[in-house]
Amino acid sequence: VQGSRRYGYEECKATADWLLDQAPVRPLVGIVCGSGLGGLADMLKDQKIFNYGDIPNFPKSTVHGHAGRLVFGTLKGKPCVCMQGRFHLYEGYPIQKITMPMRIFKLMGVKTVILTNAAGGLNQDYKVGDVMIIKDHINMPGFAGINPLSGPNEESFGTRFPCMSDAYDRKLQQLAQEVGAELGYSDFLREGVYCVLGGPSFETIAECRMLTRLGADAVGMSTVHEVIVARHCGMQVFALSLITNQAVMDYDSHEKANHEEVLQTGEQRSLQLVKLVSTMVARLDVA
Ligand code: 6GU
């Protein structure tokens with residue numbers, strides 16, 4: 001309860017105003033770059049960059065592979081703001097702080113949020129390097145009461161009990177499929193359910209088997225909390241997972257999940273991912 005009060009409307013508004021005061025554009029699109037996918041931010045034209053450490057009330061990023069800066073600029077003519085590096089539960093922040101950038105996006109005028117992440121593939125048909133359009137999620141921490149909206153509801157952002165059955169915009173998923181097909185990416189473009197866990201330890205074999213049976217296609221440690229807060233305040237959401245490694249499912253396997261593999265796969269596929277997202281942004285229906 002205390003946490004939600006410390007990162008409430010006043011703090012978000014102060015930060016949004018501080019940023020808008022110096023930003024070259026009023027962003028309509030907010031992009032969150034996952035591990036190894038920071039290249040998206042480098043595409044922005046006429047950049048203005050803020051290190052997280054210099055932004056009032058902003059959390060600081062601690063993970064290797066996450067730059068920790070907010071980049072403003074235009075992408076294909078659309079005014080954008082890009083988080084290069086995000087915040088995770090396992091860094092030890094209160095969950096309200098992790099998702100605070102979504103409310104700052106909202107207060108700056110963002111209509112559409114595009115999130116990317118690196119994830120482990122659970123679906124046996126998936127291969128390393130596949131890109132999964134997230135069509136739904138399983139919020140595991142939520143089952144244990146860990147939800148960014150817990151605590152007093154901020155009515156100025158949204159309703160107490162927000163709907164999540166329409167969290168991932170269907171039109172944007174369709175657009176991703178169309179753009180993906182045009183670019184010749186259909187072979188590695190998938191659609192599936194993303195399951196979030198708290199991390200930072202990777203899953204055990206038994207946990208991977210369990211998650212598969214529960215209907216998850218990919219597993220990771222981010223995105224879902226941001227999606228919940230973005231939907232609560234009425235922004236449109238699109239999210240992608242890059243399958244950076246195959247989750248280990250059997251006891252005979254000698255594979256081990258590791259962060260280096262995650263970053264390497266990100267680098268290999270990142271040009272195509274950047275192309276997919278930037279082409280989508282070009283066609284977004286935002287004024
Ligand atoms: Cl295998 N698990 C989780 N939880 N997060 C990941 C991952 C696996 N691969 C990339 N991110």
Side-chain angles (χ1 to χ4, degrees), residues 32-40 61-68 83-93 95 98-99 114-144 146-148 188-228 239-270 272-273:
V32 182
C33 305
S35 304
L37 301 169
L40 256 169
S61 182
T62 63
V63 196
H64 171 64
H66 290 261
M83 285 181 75
Q84 211 170 20
R86 61 143 65 83
F87 308 106
H88 304 85
L89 260 185
Y90 59 75
E91 291 172 87
Y93 304 111
I95 193 166
I98 291 166
T99 53
I114 298 177
L115 304 113
T116 66
N117 64 51
L122 293 167
N123 186 319
Q124 292 301 289
D125 294 337
Y126 289 6
K127 291 193 276 298
V128 167
D130 280 355
V131 172
M132 184 183 87
I133 297 166
I134 301 182
K135 67 172 180 192
D136 204 349
H137 71 225
I138 297 173
N139 178 17
M140 269 303 178
F143 291 8
I146 302 170
N147 188 300
F188 62 85
L189 201 55
R190 314 280 189 162
E191 228 175 65
V193 175
Y194 176 85
C195 179
V196 64
L197 301 179
S201 49
F202 286 115
E203 302 68 49
T204 65
I205 292 169
E207 286 164 349
C208 288
R209 290 179 170 192
M210 181 192 89
L211 296 177
T212 306
R213 291 188 177 188
L214 293 181
D217 297 297
V219 58
M221 307 173 191
S222 70
T223 308
V224 168
H225 319 304
E226 293 150 336
V227 169
I228 290 170
L240 284 176
S241 286
L242 174 62
I243 306 300
T244 52
N245 54 288
Q246 196 53 256
V248 178
M249 288 290 186
D250 75 76
Y251 293 99
D252 297 328
S253 166
H254 295 290
E255 297 288 322
K256 285 204 218 177
N258 68 85
H259 193 52
E260 284 63 43
E261 184 182 13
V262 169
L263 293 182
Q264 271 173 17
T265 308
E267 270 170 38
Q268 284 163 13
R269 198 55 105 187
S270 72
Q272 285 160 310
L273 217 129

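Order of appearance sets the numbers: ligands from 1, and atoms from 1 within every ligand. Basis for what follows: all heavy atoms, side chains included, without hydrogens, waters or symmetry-related copies.
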Atoms in ligand 1 with a heavy atom of E203 nearer than 4.0 Å: 1 (Cl), 2 (N), 3 (C), 4 (N), 8 (C)
Ligand-side contact atoms (ligand 1) for residue partner M221, heavy atom cut-off under 4.0 Å: 3 (C), 4 (N), 5 (N)
Closest heavy-atom pair, P200 versus M221, reported as atoms and distance to 0.1 Å, is O-CE, 3.5 Å
If hydrogens are left out, which of G220, A218, A118, G34 has an atom nearest to atom 11 (N) of ligand 1, that is, the closest non-hydrogen atom? A118
For atom 6 (C) of ligand 1, the option (of V219, L122, L211) bearing the nearest heavy atom: V219
In this structure, CG of L197 is separated from CG of N139 (nearest 0.5 Å) by 10.0 Å
Interatomic distance, L273 atom CG to T116 atom OG1 [nearest 0.5 angstrom]: 6.5 Å
Does a donor on one side chain sit under 3.5 Å from an acceptor on the other, for T223 and R86? yes
Can you find a non-hydrogen atom of T244 under 4.0 Å from ligand 1? yes
Does some non-hydrogen atom of G199 fall short of 4.0 Å from ligand 1? no
Does an N or O anywhere in G120 fall below 3.5 Å from an N or O of ligand 1? yes
Between N245 and ligand 1, which residue portion shows a heavy-atom distance shorter than 4.0 Å: side chain, backbone, both, or neither? side chain
